[in-house]
Amino acid sequence: MPPAKIDRHRVADTALRLLNDVGLDGLSLRAIAKELDVKAPALYWHFKDKQALLDEMATEMLRRMTADMTAATTSGDWSAILTGAMRGLRTHLLRYRDGAKVYSGTRFTDTSYAEPMERMLAALVASGFTPRTAARAWLTAYSYTIGYVIEEQSMGPDPAQDGEGYDLEARAERLAAYPNASAAGDAMFRDHDTGFEEGLAAVVAGIGVTLRG
């Protein structure tokens, strides 16, 4: 019988809290077990390995963001709906250190994703997309958002931690012979909010031109 002291939800919740302290590389079943005051083997009653735990963590993250994603599909045209959903996704990913890396490439452990996805795709179809192009539009915006946040959290400053982030002065010195590449540093590694919004606007505009109607 599995230990009564813990369950899957409690382990995933503890792992998400610990993530902000140690990051993805430092997150281990042993560290989580210590936080829960149990022996590491106790966790294997619930998760066969770290990847299985990451899958549950990503699913829990999705459950927490579902309300925001649902609200984003209740009003506005398709571009506002898609933009709002991606803003909500980014906001939630930034609540966790390495949140986008945890979320990316995992397999959800239940169908929590189905309702918000269905609502989003239905809104796109109602706005002139076919089911196929609606799916492509969603995946394109989603992939942009995940990729942007992975880079944002990798280059810093990490919203969950203190720090100055990428050293632009050192970068400029290394690239002194390449003025355009050097000047690009500010746009690439500073003011992530503006960078995300500008990139998302370009993605959504492109979706409107190439996929809708």
Could you check whether any side-chain heavy atom of [X] comes within less than 4.5 Å of a side-chain heavy atom of [Y], counting everything from C-beta outward?
{"X": "Glu152", "Y": "Leu94", "value": "yes"}
{"X": "Ile207", "Y": "Arg212", "value": "no"}
{"X": "Leu19", "Y": "Asp21", "value": "no"}
{"X": "Glu115", "Y": "Thr66", "value": "no"}
{"X": "Val125", "Y": "Thr130", "value": "no"}
{"X": "Ser154", "Y": "Ile150", "value": "yes"}
{"X": "Met65", "Y": "Tyr103", "value": "yes"}
{"X": "Phe189", "Y": "Arg171", "value": "yes"}

Could you grab the distance from atom [atom1] of [X] to atom [atom2] of [Y], nearest 0.5 Å is fine?
{"X": "His192", "Y": "Arg190", "atom1": "NE2", "atom2": "CZ", "answer": "7.5 Å"}
{"X": "Leu168", "Y": "Met188", "atom1": "CG", "atom2": "CE", "answer": "10.0 Å"}
{"X": "Met61", "Y": "Ser112", "atom1": "CE", "atom2": "OG", "answer": "13.0 Å"}
{"X": "Arg174", "Y": "Glu169", "atom1": "CZ", "atom2": "CD", "answer": "12.0 Å"}

* To do: Kindly work out whether a path of hydrophobic side-chain contacts (I/L/V/M/F/W/Y, heavy atoms less than 4.5 Å apart) joins Ile81 to Leu139.
  =>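 The answer is yes; both residues are in one hydrophobic cluster.
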* To do: Please test Leu82 against Val203 for side-chain contact (heavy atoms from CB on, under 4.5 Å), starting from the C-alpha separation and ending with a verdict.
  => CA-CA 10 Å; Leu82 190 57; Val203 169; over 6 Å; no
Checking the side chain of [X] only, and the main-chain atoms of [Y] only, is there a donor and an acceptor separated by less than 3.5 Å?
{"X": "Thr133", "Y": "Phe129", "value": "no"}
{"X": "Arg90", "Y": "Val149", "value": "no"}
{"X": "Ser104", "Y": "Lys101", "value": "no"}
{"X": "Asn20", "Y": "Arg97", "value": "yes"}

* With sequence neighbours excluded, residues passing salt bridge (charged side-chain N to carboxylate O under 4.0 Å, His left out) with Arg17 ->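 Counting only residues at least two positions away or on another chain, Arg17 forms a salt bridge (charged side-chain N to carboxylate O under 4.0 Å, His left out) with Asp13.
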* Got a sec, which residues hit salt bridge (charged side-chain N to carboxylate O under 4.0 Å, His left out) with Glu197, two or more places apart in sequence or on another chain? ->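 So Glu197 forms a salt bridge (charged side-chain N to carboxylate O under 4.0 Å, His left out) with Arg87.
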* Any salt bridge (Lys or Arg N to Asp or Glu O under 4.0 Å) involving residues 26-42? Give me the pairs, sequence neighbours left out, ordered by first then second residue. =>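 Qualifying pairs: Lys5-Asp37.
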Excluding sequence neighbours, so at least two apart, what forms side-chain hydrogen bond (donor to acceptor under 3.5 Å, both in side chains) with [X]?
{"X": "Ser127", "value": "none"}
{"X": "Asp186", "value": "none"}
{"X": "Ser79", "value": "Asp77"}

Acceptor/donor pairs from residues 48-59 side chains to any protein atom, 3.5 angstrom cut, sequence neighbours excluded:
unit_1: Asp49; atom_1: OD1; unit_2: Gln51; atom_2: N; d: 3.3
unit_1: Asp49; atom_1: OD1; unit_2: Ala52; atom_2: N; d: 2.9
unit_1: Lys50; atom_1: NZ; unit_2: Leu24; atom_2: O; d: 3.1
unit_1: Lys50; atom_1: NZ; unit_2: Leu27; atom_2: O; d: 2.6
unit_1: Gln51; atom_1: NE2; unit_2: Asp55; atom_2: OD1; d: 3.0
unit_1: Asp55; atom_1: OD1; unit_2: Arg107; atom_2: N; d: 3.1
unit_1: Glu56; atom_1: OE1; unit_2: Arg8; atom_2: NH2; d: 2.8
unit_1: Glu56; atom_1: OE1; unit_2: Thr109; atom_2: OG1; d: 2.6
unit_1: Glu56; atom_1: OE2; unit_2: Arg63; atom_2: NH1; d: 3.4
unit_1: Glu56; atom_1: OE2; unit_2: Arg63; atom_2: NH2; d: 3.2
unit_1: Thr59; atom_1: OG1; unit_2: Asp55; atom_2: O; d: 2.8
unit_1: Thr59; atom_1: OG1; unit_2: Thr109; atom_2: N; d: 2.9
unit_1: Thr59; atom_1: OG1; unit_2: Thr109; atom_2: OG1; d: 3.3

Please report the shortest heavy-atom distance between [X] and [Y], naming the atom on each side.
{"X": "Ile6", "Y": "Ala42", "result": "CD1-O, 4.1 Å"}
{"X": "Ala137", "Y": "Leu124", "result": "CB-CD1, 4.4 Å"}
{"X": "Tyr142", "Y": "Leu89", "result": "CD1-CD2, 3.7 Å"}
{"X": "Ala31", "Y": "Gly26", "result": "CB-O, 4.4 Å"}
{"X": "Ile32", "Y": "Ala15", "result": "CD1-CB, 3.7 Å"}

* Listed partners of Thr111 passing side-chain contact (heavy atoms from CB on, under 4.5 Å), at least two apart ->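 Once residues adjacent in sequence are excluded, the partners of Thr111 under the side-chain contact (heavy atoms from CB on, under 4.5 Å) criterion are Ala114.
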* Who pairs with Ala183 by side-chain contact (heavy atoms from CB on, under 4.5 Å), at least two apart in sequence or on another chain? ->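 With neighbours one apart ignored, the set is empty.
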* Asked: Mind checking who shares a hydrophobic cluster with Tyr178, ILVMFWY linked at side-chain heavy-atom distances under 4.5 Å?
  ->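 Reading the cluster by chain and number, Tyr178 sits alongside Leu175.
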* To do: Apply ring pair (Phe, Tyr, Trp, His ring centres under 6.0 Å) to Phe196 and list each qualifying residue two or more places apart in sequence or on a separate chain.
  =>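 Ring pair (Phe, Tyr, Trp, His ring centres under 6.0 Å) check on Phe196 returns Tyr144, Tyr148.
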